Trainee: 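Could you have a look at this structure, given as structure tokens, before my questions?
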Amino acid sequence: MEWYWILLALFGSILFLMFAGLPVGIAFIAVNTVAAFFIFGRFGDFDTRVQSAIGQHVDNAFGNMAIFAIVPIPMFLLMGELFFHTGLANRMFNAVEKLMGRVPARLSYVTVAGGTAFATLSGSSMGSTALLGTLMVPEMTKRGYKKSMSIGPILGTGGLAMLIPPSALAVLLGTLAEIDIGRLLIAGVVPGLLLAVFYAILIFVRATLDPEAAPSYDVEAVPVSQRILLFLLDVLPMISIIGFVIGLIMGGVATPSEAAAYGSVGVILLAVLYYFIVPLLRGDFRRAWAFGPHFAVAMWKSLWGAGRVTAIALMILFGSSLFSNVLAASGSSAALIQWVAGFDVSPYVMLLMMFGILLLLGMFMDQLAMMLLTVPIFFPIVQGLDFGLAPEVKLIWFAVIMLLAMEISFTTPPFGLLLFVMQGVAPPGTRFGEICLAALPFMGCALLLTMLIVIFPDLAVWLPWLGG
């Protein structure tokens, strides 16, 4: 069978099963098992062929799953879950809101500032969007904010969790693409912060051109001394955990896996400090002893949430490893790369085509499925293209662009996942079309950043290679 028919059969079967409602991981495992039966089990009777296909699963898939590189995924997820369930997230948002004072469109800025900080600690776009939507949208709606200034910033900021470390999705992408996960995590820092600045500029411009989009209202003035105290107690400790995790990775003191574990421990110690030690020192023994049951519930919810997503990630890695092997054994991946290399187009046109494919796929499937389908094909293609970058640098640079594409696709109508998350927490009567329109300007900011990274690759690769 020709290679393109094999590719068509594989992709078509996987998409059919996903649209039929089968979970992504199960769809990949089912299709690849059948493919392995025909490719790896070519000889012998039926039982022998089945054993050969299953044996190939075990030899390749479990080997790729049992690696140290994927340990940051559950650790980063646990850190974000603890941050949310212990109540530290609410403390930070309340502090940021008071620090903003009477700035026009202050709640939109609070969303960007607080959401960026939460994205760095949670690593979960859907979790960040759900939290911001629950905390901020009702208040902004009550204050008369238009949907573009209330829902839009939340959808934009939610996607920052893919870029700013710790990002579980970046770890998974680095594992699938077999690139340096530590450098990839650090590579997302500058683009992520730059994107947050773009969002703030967009809010400023819109609030200036249309003051009614974010009506001003009187707020209680907070003395300078209290602002300093709020920053030191409720904002700086959270930022310190982020800086600590990134610093450990950048300094070579700890691997991403170890840094993720330190970050989780840091959030636990912070919760103990706030809700047990401080009340105890103040003599509020009732509140201090109430911390035990509260922390037990928070820990259980955090472990359950992190464990559930980790199980999904492991299942996806299981399916992905065999998918790559099936493509390689059938000769499809090599033939596809050779076919693509035969196109007489510049590398940047090829990059644009891959970016467009990611946006198109994002309209119909989630980011995990997109990575499973595209990583085994896109990264070998990029490896053979000349962008004037060293091979390792080029792959990290492309991985950042791919994360940006997936972030944009998270809010791409009609099936972007963050759109549905927002619809679930938006005030009653909010139309789905309003949510989509609110997301468009912030998608434009992400597209602008992508273009800048293509033109100036150092925006993504300068920091990971700082100091060699």
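Since the structure is predicted, the reported quantities are computational estimates derived from the model, not experimental observations. These values consider heavy atoms only, across backbone and side chains, with no hydrogens, waters or symmetry-generated copies.
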Trainee: Hey, does the side chain of Thr157 reach the backbone of Ile154 with a donor-acceptor pair shorter than 3.5 angstrom?
Mentor: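 Flag not set: sc Thr157 to bb Ile154 has no pair under 3.5 Å.
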Trainee: Which residues pass the side-chain contact (heavy atoms from CB on, under 4.5 Å) test with Ser346, not counting sequence neighbours?
Mentor: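 For Ser346, the residues satisfying side-chain contact (heavy atoms from CB on, under 4.5 Å) (neighbours in sequence not counted) are Tyr348, Val349.
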Trainee: Suppose we screen for side-chain contact (heavy atoms from CB on, under 4.5 Å). Which residues come up paired with Ala170, at least two apart in sequence or across chains?
Mentor: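 Counting only residues at least two positions away or on another chain, Ala170 forms a side-chain contact (heavy atoms from CB on, under 4.5 Å) with Ser167, Leu184, Leu185, Leu403.
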Trainee: Listed by chain and number, what are the side-chain contact (heavy atoms from CB on, under 4.5 Å) partners of Val297, not counting sequence neighbours?
Mentor: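 Residues passing side-chain contact (heavy atoms from CB on, under 4.5 Å) with Val297: Lys301.
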Trainee: Describe, in one word, how the ring planes of Phe291 and Tyr275 are oriented to each other, choosing from parallel (under 30°), tilted (30 to 60°) and perpendicular (over 60°).
Mentor: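 Rings of Phe291 and Tyr275: parallel, under 30°.
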Trainee: What salt bridge (charged side-chain N to carboxylate O under 4.0 Å, His left out) pairs are there with at least one residue in residues 381-393, not counting sequence neighbours?
Mentor: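 Matches after skipping sequence neighbours: Arg183-Glu392.
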Trainee: Which residue pairs satisfy the salt bridge (charged side-chain N to carboxylate O under 4.0 Å, His left out) criterion with at least one member in residues 430-450, sequence neighbours excluded?
Mentor: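 Every salt bridge (charged side-chain N to carboxylate O under 4.0 Å, His left out) pair that includes a residue of residues 430-450, provided the two are not neighbours, is Arg431-Glu434.
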Trainee: Check side chain to side chain donor-acceptor pair (under 3.5 Å) between Asp210 and all other residues, then give those that pass, not counting sequence neighbours.
Mentor: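 Asp210: side chain to side chain donor-acceptor pair (under 3.5 Å) contacts with Lys146.
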Trainee: In chain order, what residues pass the side chain to side chain donor-acceptor pair (under 3.5 Å) check against Asp180, with sequence neighbours excluded?
Mentor: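 Partners of Asp180 under the side chain to side chain donor-acceptor pair (under 3.5 Å) test: none.
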Trainee: Determine whether Leu173 and Met402 satisfy the following criterion, side-chain contact (heavy atoms from CB on, under 4.5 Å), listing intermediate values before the conclusion.
Mentor: CA-CA 9 Å; Leu173 175 60; Met402 191 168 179; 4.0 Å; yes
Trainee: I'd like to know if the side chain of Ser150 reaches the main chain of Thr141, judged simply by a donor and an acceptor atom lying under 3.5 Å from each other, with no hydrogens or angles considered.
Mentor: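 Side chain of Ser150 to backbone of Thr141, a donor-acceptor pair under 3.5 Å: no, none is there.
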Trainee: Begin from the C-alpha positions of Ile435 and Thr411 and carry the test side-chain contact (heavy atoms from CB on, under 4.5 Å) through to its verdict.
Mentor: CA-CA 9 Å; Ile435 296 174; Thr411 51; over 6 Å; no
Trainee: Any side-chain to backbone donor/acceptor pair from Trp397 onto Phe387? Under 3.5 Å, distance only.
Mentor: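 Not at all, since once roles are kept as given, no pair shorter than 3.5 Å links the two residues.
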Trainee: Scan residues 178-200 for pairs that pass ring-ring contact (aromatic ring centres under 6.0 Å, His included), counting only residues two or more places apart or in two chains.
Mentor: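 Applying ring-ring contact (aromatic ring centres under 6.0 Å, His included) to every pair that reaches into residues 178-200, excluding sequence neighbours, yields Tyr199-Phe442.
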Trainee: Among all residues two or more places apart in sequence or in another chain, which pass the side chain to side chain donor-acceptor pair (under 3.5 Å) test with Lys394?
Mentor: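 Residues passing side chain to side chain donor-acceptor pair (under 3.5 Å) with Lys394: none at all.
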Trainee: With heavy-atom distances below 4.5 Å as the criterion, would you say the side chains of Ser108 and Met140 are in contact?
Mentor: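 Yes, close enough: below the 4.5 Å cut-off.
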Trainee: Is there side-chain contact between Leu389 and Pro457, with heavy atoms separated by less than 4.5 Å?
Mentor: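 The answer is yes; the side chains approach within 4.5 Å.
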Trainee: Could you state the interatomic distance from CD1 (Ile453) to CG (Leu448), rounded to the nearest 0.5 Å?
Mentor: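 The CD1 atom of Ile453 sits 10.0 Å away from the CG atom of Leu448.
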Trainee: Determine, step by step, whether Val454 and Phe355 satisfy the side-chain contact (heavy atoms from CB on, under 4.5 Å) criterion, reporting the C-alpha distance in whole Å, the side-chain angles of both residues, the deciding distance to 0.1 Å, and the verdict.
Mentor: CA-CA 11 Å; Val454 171; Phe355 192 83; over 6 Å; no
Trainee: Does CZ in Phe295 sit with more than 12 non-hydrogen atoms of other residues, nucleotides or ligands closer than 6.0 Å?
Mentor: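 Atom CZ in Phe295 is packed in, count exceeds 12.
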Trainee: Apply side-chain contact (heavy atoms from CB on, under 4.5 Å) to Leu230 and Val235, showing your working.
Mentor: CA-CA 7 Å; Leu230 279 171; Val235 178; over 6 Å; no
Trainee: Sequence neighbours excluded and cut-off under 3.5 Å, please list the side-chain donor-acceptor pairs for residues 259-271, or say none.
Mentor:
from: Ser264; atom 1: OG; to: Met75; atom 2: O; distance (Å): 2.9
from: Ser264; atom 1: OG; to: Ala260; atom 2: O; distance (Å): 3.2

Trainee: Can you list everything that forms a side chain to side chain donor-acceptor pair (under 3.5 Å) with Ser148? Sequence neighbours excluded, please.
Mentor: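 Ser148: side chain to side chain donor-acceptor pair (under 3.5 Å) contacts with Arg206.
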Trainee: How would you list, by chain and number, every residue that makes a side-chain contact (heavy atoms from CB on, under 4.5 Å) with Leu229, sequence neighbours excluded?
Mentor: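 Leu229 satisfies side-chain contact (heavy atoms from CB on, under 4.5 Å) with Leu233 only.
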